[in-house]
Amino acid sequence: MHWETIRKDTTPVVPPRLADYDRARSAFTWARARDDLAGLPGGGLNMAHEAVDRHAASARADRVALRCVARDGSVSSVTYAELARRTARFANVLGSLGVGRGDRVFTLLGRCPELYTAVLGTLKNTSVLCPLFSAFGPDPVEQRLRLGDARVLVTTAALYRRKIAGLRASVPGLEHVLIVGDGAGELPGTVSFDDLMSEAPDTFTIPPTAPDDMALLHFTSGTTGTPKGAVHVHEAVVAHYATAAYALDLRPEDVYWCTADPGWVTGMSYGIVAPLAHGATVVVDEGDYDARRWYRVLGEQGVTVWYTAPTALRMLMRATPREGPYDLPRAYDLSALRFVASVGEPLNPEAVVWGQDVLGLPVHDNWWQTETGCIMIANFAGCEIRPGSMGRPLPGVEATVLERGEDGRALVVDGSVREVRDADVEGELALRPGWPSMFRGYLHDEERYDAAFAGGWYLTGDLVRRDTDGWYWFVGRADDVIKSAGHLIGPFEVESALMEHPAVAEAGAIGRPDPVAGNVVKAFVSLRPGVEPTPDLERELLAFGRRRLGPAVAPREIAFDQNLPRTRSGKVMRRLLRARELGLPMGDLSTLEGSG
Ligand code: ATP
Ligand code: MG
């Protein structure tokens, strides 16, 4: 593909530089990216065919598709040929239950091999897959099952008992619950996934699939309000494939690990579809969030490309500060690791530098949303990284900055918007629709979908700044931005500055109403282990903030809080900090970590 072409053109194999970035952009078309994929034998395009069957039918059939590390550390492998058989079985299981095209199949599972079977088998069957986060409580599960018109749910006995048993009556459309592992026998109204699988034939012909047939339903993280169900279609695989090559530097020979939970869009697009579409080996770690375990997986599995998130990196940074000691990472051989990327929320510059020092590699930030379905803006492999910046638009992606109004969002006058031409001016990030993984709707909410477009652009709801060389810098979500004495302050800038102080582990900044300034910045700070919250430290941090940020932007108040509220995908929920501070209603709490 074009990515390989670039590599071939730049002999000897030097990393692509700025000029190559421009060349890649001008040479790229989505149609050409699609030519790299196989397509269904009879025409059409099916995600699971690209991810599994086309490799199983090739010389790559015996290559390991999944390398599963169980909780106890034991490792087992699934080849592409075996994955093709398992997913065929599951497609046949769905067929035998009368579940067909467009029907919704939900998963409520941790990251385990059966998840891959269920997801890809559903896609083969042209049914629609909707992943749920396994730590959701009963209410958010019920809300999403109803909103998403669930017919089938694949889960475990333990999760069923805790979250589903009590709500069956209120979700009458949920006809089939399949229990992975033991326990189906004791749970009325469920069937055993394993029994159904063992009875089903292991060959399956994928029915005709149009590129814009619905494939995935993804609920957003709910950082700013009630989660929305974003609809994605089969041709999104073109975008998953191409963007993984550009933004994650992924190649077929890679051993790849994505730490995102399978309940979120990252866990699907880049945890399952993209790496398998490349024919890579995917590490499936069933273990918990734990620094030692993660270094061990990276080392023992020989991970070459690692895709993770700022919250996970901060966990590693707490366990292994940049100042050392480095015994934890040194205990494992990380020499195979070639590329590290991060997504989900702003990556503090501190984390980029930390990666260089501790992992020996910088961390590449990239930006996208549930709605975009694939990475849109990234710091590329081999290109200059600007720490704190989310990078530049991918080939095939047209991004712009729109002039904003008083409320921080793009100014829309009679349906039109104005692009900001100057550098270093901030406004709302907008994208030109037309890439393959663009969401095709919010389920049952056309109005909200329509409201996301103006003047031929998709409005992202995020505020950014573009520098003179075209790098994009995250300023904040339009809803989170703090308006103080005529300035618009991005909370991320404040948080990043505070995190450069050695006492600070994490920070969340909000605006507190002030009669003079409109708002002043208040920062909530969690401290590194062993650091005591004292009035002296508070004064020191206030002074540190003023030195770093200047008096107009620096926090006026600091509060210590060891438990900053965050979403299950790891984002600080500033709307909750604000609601708590101002005594406002808390709103939708379904994605709050630790709830349910
Ligand atoms: P909701 O839309 O329900 O409020 P959410 O926007 O957090 O939730 P996601 O689609 O999971 O749901 O997250 C996308 C958002 O995450 C982006 O719009 C952006 O605000 C933030 N984000 C993602 N990656 C980055 C990044 N690299 N830098 C800064 N912010 C990022
Ligand atoms: Mg969003």
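Counting starts at 1 for both ligands and their atoms, following the listed order.
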Contact check, Thr460 vs ligand 1, heavy-atom distance below 4.0 Å: no
Whether Asp365 lies under 4.0 Å from ligand 1, heavy atom: yes
Flag side-chain contact, heavy atom, 4.5 Å: Leu394 against Tyr21: no
Distance filter under 4.0 Å to Thr370 heavy atoms, resulting ligand 1 atoms: 9 (P), 10 (O), 11 (O)
Ring-face cation contact, Trp457 with Arg432, 6.0 Å cut, 45° max: yes
Enumerated ligand 1 atoms positioned under 4.0 Å from heavy atoms of Asp462: 17 (C), 18 (O), 19 (C), 20 (O)
Proximity of Tyr241 and His278 rings by center, below 6.0 Å: yes
Numbered atoms and elements of ligand 1 in range of Asn366, under 4.0 angstrom, heavy atoms: 24 (N), 26 (C), 27 (N)
Val481 side chain near Ile489 side chain, heavy-atom distance below 4.5 Å: no
Contacting atoms of ligand 1, where contact means under 4.0 angstrom from a heavy atom of Pro346: 28 (N), 29 (C), 30 (N)
Check: Lys228 N/O within less than 3.5 Å of ligand 1 N/O: yes
Heavy-atom proximity to atom 21 (C) of ligand 1, best of Gly476, Gly344, Ser389: Gly344
Between His218 and Thr370: side-chain donor-acceptor atoms closer than 3.5 Å: no
Contact check, Trp264 vs ligand 1, heavy-atom distance below 4.0 Å: no
Shortest heavy-atom approach to atom 6 (O) of ligand 1 - which of Arg477, Met573, Gln369: Arg477
Residues 133-144, side-chain donor-acceptor partners within the protein, below 3.5 Å, at least two apart:
residue : atom : partner : partner atom : Å
Glu142  : OE2  : Ser170  : OG           : 3.3
Arg144  : NH1  : Pro140  : O            : 3.1
Arg144  : NH2  : Ser590  : OG           : 3.2

Enumerate, atom names and distances included, each donor-acceptor pair closer than 3.5 Å involving a side-chain atom of residues 259-267, sequence neighbours excluded.
residue : atom : partner : partner atom : Å
Thr259  : OG1  : Thr308  : OG1          : 2.8
Asp261  : OD1  : Gly263  : N            : 2.7

